[in-house]
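Encoded as structure tokens, the structure appears first; notes follow it.
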Protein chains: 2
Amino acid sequence: MFAKDHDCSDELREVKLKSTPARLIALQHFEKLSKPTDSKDILKFLNSKLNIDRVTVFRILNSFVEKGLVRKIDFGEGKARYELNVADHHHLICQSCGSIEDISDCNIDALEREIKQNKHFLVNSHSLEFFGICPDCQPRLNRGQKKKN
Amino acid sequence: MFAKDHDCSDELREVKLKSTPARLIALQHFEKLSKPTDSKDILKFLNSKLNIDRVTVFRILNSFVEKGLVRKIDFGEGKARYELNVADHHHLICQSCGSIEDISDCNIDALEREIKQNKHFLVNSHSLEFFGICPDCQPRLNRGQKKKN
DNA sequence: GTGTATGCAAACCGTTTGCATAAGG
DNA sequence: CCTTATGCAAACGGTTTGCATACAC
């Protein structure tokens, strides 16, 4: 766990990225975020602290992904999401309210080993996401309501 | 002219879609395809048989997905892929040559049951894809070569 | 000082929408 | 007929690129 406003310049130096204000704030933001977010959210957050162009946000995100600081995820929304690249985990995505919950490592490792043995396919990474209805939305849907995301 | 192998008009009638030439050919194409493909490929194939606009291709694909004939998949490429909606299965995607291989049902069911019990989250669907290097590409990469997709 | 990061404008790509016309049942 | 499907043009949202300038090291 990191302190409230942890200076991320060490992390940036480690991956040979210059410590610019935008990058520092963006990385701090990721460290406080619990759920995968999109470029728009990052832009909004950065813009609340300094002036930044959305193009720069994409360049920052790409550099973070390239350096392995951040992981790029795709929920099939026509846009990418990003989250801090920590331990392997997956997501429960509510199709009603859009909430996202983490689930920690399932035994995909076993499956990957099996794939390697049977198919001789070298697995680098995998994506596993579950789409459905979260506990909060289930009663709401039964009453015929739908919460706008 | 059309419907050489299998006339798909029955399938279309079943889901209450009008049997137009483009839809028939598209559905036939899907039935012969073994791997998930994209809108461009469908457009190209359709255009080899008749004149069709890419907008119409998207509308056809969306109607197929909506009616459950076809499944929409996302490999994080910035575009959607589509495949015939058959038994639950997943994919091995080679990051070197782009080849796609199916793997049949892994025991995700158990995981889904667990999620339902522990998280009270109602799973409607899931996506599971593996990214890595296929057997063909492994020696090639060791020799420092890279096959263009 | 040198190379990288940023801003701005513009392009790009997949996809959707509006509207008029064509065609299926 | 009446409804739905298609074509065309245009819009759209996310993302990338080119180029000049500003900034980190």
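Just so it is clear: chains get the letters A, B, ... in the order the sequence lines come, proteins before strands, and each one is counted from 1. This one's a predicted model, so the numbers in the text were calculated from it and none came from an experiment.
- A donor-acceptor contact under 3.5 angstrom links the side chains of B:E112 and B:H126, judged on distance only.
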Between protein and nucleic acid, restricted to nucleotides 21-25 of chain D and to nitrogen or oxygen atoms under 3.5 Å apart, what atom pairs and distances do you find?
| from | atom 1 | to | atom 2 | distance (Å) |
| --- | --- | --- | --- | --- |
| D:dC25 | OP1 | A:S19 | N | 3.0 |

Stepwise side chain to side chain donor-acceptor pair (under 3.5 Å) test for A:E101 and A:H90:
CA-CA 8 Å; A:E101 189 182 348; A:H90 306 288; over 6 Å; no
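- The phosphate of D:dT15 has neither OP1 nor OP2 within less than 4.0 Å of any side-chain N or O from A:N62.
- Atom CD of B:Q95 is separated from atom SG of B:C134 by 10.5 Å, given to the nearest 0.5 angstrom.
- The number of heavy-atom neighbours closer than 6.0 Å to CG of B:N118, taken from other residues, nucleotides and ligands shown, is above 12.
- Note: NZ (A:K72) to C1' (D:dT16) measures 11 Å, nearest angstrom.
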Is there a salt bridge (Lys or Arg N to Asp or Glu O under 4.0 Å) between B:D10 and B:R13? Walk through the geometry before answering.
CA-CA 5 Å; B:D10 292 348; B:R13 199 173 311 115; 3.3 Å; yes
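- Distance CG (B:L46) to P (D:dA5): 16 Å, rounded to an integer number of Å.
- Among the heavy atoms of the strands, none lies under 4.0 Å from B:S63.
- Summary of the strand contacts: B:R59 and B:A80 both lie near DNA chain C, and taking for each the nucleotide with the nearest heavy atom, the more 5' one is attributed to B:A80.
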Go through the steps for B:S9 and B:L24 under the test side chain to side chain contact (heavy atoms under 4.5 Å, CB included), then give the verdict.
CA-CA 7 Å; B:S9 46; B:L24 288 169; 4.0 Å; yes
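- For the pair A:L12/A:L69, a side-chain contact is recorded, criterion being any heavy-atom separation below 4.5 Å from C-beta on.
- Distance, B:L61 CG to D:dA5 P: 14 Å, rounded to whole Å.
- Between chain B and DNA chain C, the heavy-atom contact criterion of under 4.0 Å yields a 5' to 3' nucleotide range of C:dG14 to C:dG25.
- Taking each heavy atom of A:F75 and A:P36 in turn, the nearest pair found is CZ-CG, 4.2 Å.
- Side-chain contact check for A:I108 versus B:F130: some heavy-atom pair is nearer than 4.5 Å.
- When the local axes at the two ends of the helix from C:dG1-D:dC25 to C:dG25-D:dC1 are compared, using 5 base pairs at each end, they differ in direction by 40° after rounding to 10°.
- Base engagement by B:R54 is indicated by at least one non-hydrogen atom pair under 4.0 Å involving a base atom.
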Give the intermediate values and the outcome of side chain to side chain contact (heavy atoms under 4.5 Å, CB included) for residues B:E11 and B:E31.
CA-CA 11 Å; B:E11 281 91 324; B:E31 289 186 346; 3.1 Å; yes
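- As judged by a 4.0 angstrom heavy-atom cut-off over every strand, A:D38 is placed among residues making no nucleic acid contact.
- With rounding to whole Å, A:I60 atom CD1 is found 15 Å from D:dT15 atom C1'.
- What separates CG of B:D74 from P of D:dG14 is a distance of 15 Å, to the nearest Å.
- A side-chain donor-acceptor contact under 3.5 Å links B:Q138 to the backbone of B:I133.
- Under 4.0 angstrom from either OP1 or OP2 of D:dG14 there lies at least one side-chain N or O belonging to A:K40.
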